S.K.: 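Shown below is the structure under consideration.
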2 protein chains.
Amino acid sequence: MNESDFLKNYDKRSFDTPLITVDSVLFTCHEQRLHVLLVKRDEHPDKGCWSLPGGFIDQTIDTCLEDTVRRKLKQKTGVDAPYVEQLKSYGGNARDKRGWAVTVCYSALIAFQACEAHVASVSDARWHPLDDIAELALAFDHETLIMEARERLRQKALYSIVPAYALPEQFTLPELQKLHEILIDKPLQKKSFRRRIEQAELLIDTGLKRSESGRPASLYSLKADSAEFTFLRNLEN
Amino acid sequence: MNESDFLKNYDKRSFDTPLITVDSVLFTCHEQRLHVLLVKRDEHPDKGCWSLPGGFIDQTIDTCLEDTVRRKLKQKTGVDAPYVEQLKSYGGNARDKRGWAVTVCYSALIAFQACEAHVASVSDARWHPLDDIAELALAFDHETLIMEARERLRQKALYSIVPAYALPEQFTLPELQKLHEILIDKPLQKKSFRRRIEQAELLIDTGLKRSESGRPASLYSLKADSAEFTFLRNLEN
DNA sequence: CTCAGATAGTGACATAACGACACTTATTCT
DNA sequence: AGAATAAGTGTCGTTATGTCACTATCTGAG
């Protein structure tokens, strides 16, 4: 039998394949706290629990996994997230009551202001402070997904400025430093922090921000695709 | 309807879900070259092409994705790989002629000697020098998977000694350094290399190895689970 | 048996990045 | 005007690394 005959007769629905979904841990920084976007499930299983934005692949419109992720995120936020990164896949027979299930988990970052209005208009979506999710009823193994994504973001904060995507397009260095301090849960030396960033040339200066009090701070934005660029050392202080 | 009624009536086979598989890029170091284990496909699609060891999840015996990976690898190598790490998932409608397909790609390392005999006895499995795979006919998008896994391993070589799992359990520092040099394709200063490792205390000294010529070299082996421990800086020389 | 060659491993100094912290500058509020 | 606050800099000591010469130990040729 040649390949085209094989494919003509092939029916992948004749196999019992695991369920496959994508899920995203969308982070933002709001009022000096890290938040995650959660969606209240209104269908079984785990009906009524909070879950990560995500779901099944639409084979008719998604050409790859990231298409699914961005589509699902846009439904909840109204905008395309500036940073989306695949983290890890979880698969097993115990994750989902419906049976063997695989989910490809992504992490994403967005500025709170960029989607504030749209999120408020979506009835089942809500930002939750990360420190509060232990008290929520979470669907499936999503608490694990969130915690592992949180840990990855903490690691990123040690050697990159990826977290900057959780801030508005323009931000000051003290604002960025504060975010890093939240992420790694430790105060940082401002001199060291500035040096690391200046040296790596990851940001561009875009003017001055008139401050409420104190000196005016320079506004920065991310240099094109500087996301993954690394500092030279780990942050230890 | 309550949840248990819902689950009773739920049939995941009524949906057309993508195909889902796992694949592993198993590396080893042999005769100063990096090799990858490939398997010759004897079924459609891409019959006759070389592919990565992997395949479908067996929902009756695998409880998680890594179970599938280790099971498939053991079929080809005869032993359990000492290092297995999930890298990335690939999904899309163009990867596999059978339709929308997702694969969870793992990277694994093993000592050549640990599985030399068994691999030789498996008719469809063979080690291929990494530099030669461009000339092979590879199935699906497996060339991409291999290249991205190769790049990840290169990165690991810059800040960890994970590559040591591609060596026998006991090895000398010059052997490890040579492997890193192969991975990052650049000569390294032995003094710097030794210092980085000694400082991080990633290895334990286990005796002396009588050399063919030159001074006898100390044998080392990995400290328990020191795999991911990092050096403090990137290797630049 | 001895010495050359090869390889393992060390000593030592210069450089670069970082930690720490005091200091300067600019703005707001009283 | 002066205190308070916050942005941003100067500077010094420490640490890790780059570089490279040097020592030590083995093999093998003559």
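Chain letters run A, B, ... following the sequence lines, proteins first and then strands; every chain starts at 1. Values reported hereafter were calculated over all heavy atoms of this structure, with side chains retained and with hydrogens, waters and symmetry mates removed. Given the structure is predicted, the values throughout are model-derived calculations rather than measurements.
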S.K.: Does any donor atom in the side chain of B/Glu169 or B/Ser221 lie under 3.5 Å from an acceptor atom in the other side chain?
M.R.: no

S.K.: Once you round it to whole Å, what is the distance between C1' of D/dT9 and CD1 of A/Ile197?
M.R.: 16 Å

S.K.: Report the C-alpha separation of A/His180 and A/Phe193 in whole Å, then their side-chain angles, then the decisive distance to 0.1 Å, and conclude whether the ring pair (Phe, Tyr, Trp, His ring centres under 6.0 Å) test is met.
M.R.: CA-CA 10 Å; A/His180 280 251; A/Phe193 188 76; 5.1 Å; yes

S.K.: Atom CZ of A/Phe193 to atom C1' of D/dA7: distance rounded to whole Å?
M.R.: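 For the pair A/Phe193 CZ and D/dA7 C1', the rounded distance is 14 Å.
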
S.K.: Decide whether A/Thr206 and A/Gln170 meet the rule of one side-chain donor and one side-chain acceptor closer than 3.5 Å.
M.R.: yes

S.K.: Who passes salt bridge (Lys or Arg N to Asp or Glu O under 4.0 Å) against A/Arg71, sequence neighbours left out?
M.R.: A/Asp62

S.K.: Would you check if there is a donor-acceptor pair between the side chains of B/Glu66 and B/Tyr106 at a distance under 3.5 Å?
M.R.: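 Result is no, nothing qualifies.
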
S.K.: Using whole Å, report how far CD of A/Gln177 lies from P of D/dT9.
M.R.: 13 Å

S.K.: Given atom OH of B/Tyr159 and atom P of D/dT17, what is their separation to the nearest angstrom?
M.R.: 16 Å

S.K.: In whole angstrom, what separates A/Lys209's NZ from D/dA6's C1'?
M.R.: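 Roughly 13 Å, once rounded to whole Å.
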
S.K.: According to the side chain to side chain donor-acceptor pair (under 3.5 Å) rule, which pairs have a member within residues 112-131 of chain B, sequence neighbours left out?
M.R.: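 Passing the test, one end in residues 112-131 of chain B: B/Lys76-B/Asp124.
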
S.K.: Send over the distance from B/Lys186 NZ to D/dT17 C1', rounded to a whole Å.
M.R.: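 Atom-to-atom, B/Lys186 to D/dT17, this comes out as 13 Å.
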
S.K.: For C/dA17, take OP1 and OP2 only and decide whether either is under 4.0 Å from a side-chain N or O of A/Arg196.
M.R.: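 No, because none of the side-chain N or O atoms of A/Arg196 sits under 4.0 Å from OP1 or OP2 of C/dA17.
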
S.K.: Taking N and O atoms by type only, does the side chain of B/Arg195 place a donor or acceptor under 3.5 Å from a partner on the base of D/dG18?
M.R.: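 Such a pair is found, so the answer is yes.
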
S.K.: Just to confirm, is there a sub-4.0 Å distance from OP1 or OP2 of C/dC18 to any side-chain nitrogen or oxygen of A/Gln199?
M.R.: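 A/Gln199 to C/dC18 OP1/OP2: side-chain N or O found under 4.0 Å.
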
S.K.: What are the atom names and distances for every N/O pair under 3.5 Å that joins the protein to nucleotides 7-10 of chain C?
M.R.:
{"unit_1": "C/dT7", "atom_1": "O2", "unit_2": "B/Arg215", "atom_2": "N", "d": "3.4"}
{"unit_1": "C/dA8", "atom_1": "N3", "unit_2": "B/Arg215", "atom_2": "NH1", "d": "2.9"}
{"unit_1": "C/dG9", "atom_1": "OP1", "unit_2": "B/Ser218", "atom_2": "N", "d": "2.8"}
{"unit_1": "C/dG9", "atom_1": "OP1", "unit_2": "B/Ser218", "atom_2": "OG", "d": "3.0"}
{"unit_1": "C/dG9", "atom_1": "OP2", "unit_2": "B/Arg194", "atom_2": "NH1", "d": "3.2"}
{"unit_1": "C/dG9", "atom_1": "OP2", "unit_2": "B/Arg194", "atom_2": "NH2", "d": "3.2"}
{"unit_1": "C/dG9", "atom_1": "O5'", "unit_2": "B/Arg194", "atom_2": "NH2", "d": "3.1"}
{"unit_1": "C/dG9", "atom_1": "O4'", "unit_2": "B/Arg215", "atom_2": "NH1", "d": "3.2"}
{"unit_1": "C/dG9", "atom_1": "N7", "unit_2": "B/Lys190", "atom_2": "NZ", "d": "2.7"}
{"unit_1": "C/dG9", "atom_1": "O6", "unit_2": "B/Lys190", "atom_2": "NZ", "d": "2.8"}

S.K.: Which residue is it: A/Glu148, A/Met147, A/Gln155? I am looking for the one with a side-chain contact (heavy atoms from CB on, under 4.5 Å) to A/Glu151.
M.R.: A/Gln155

S.K.: With a cut-off of less than 4.0 Å, is there a side-chain N or O of A/Arg210 near OP1 or OP2 of C/dT27?
M.R.: yes

S.K.: Rounded to whole Å, how long is the line connecting atom NZ of A/Lys178 with atom C1' of D/dA6?
M.R.: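 These atoms are roughly 14 Å apart.
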
S.K.: Using only side-chain N and O atoms of B/Ser192, determine if any of them is under 4.0 Å from OP1 or OP2 of D/dT17.
M.R.: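 False: B/Ser192 side-chain N/O out of range (4.0 Å or more) of D/dT17 OP1/OP2.
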
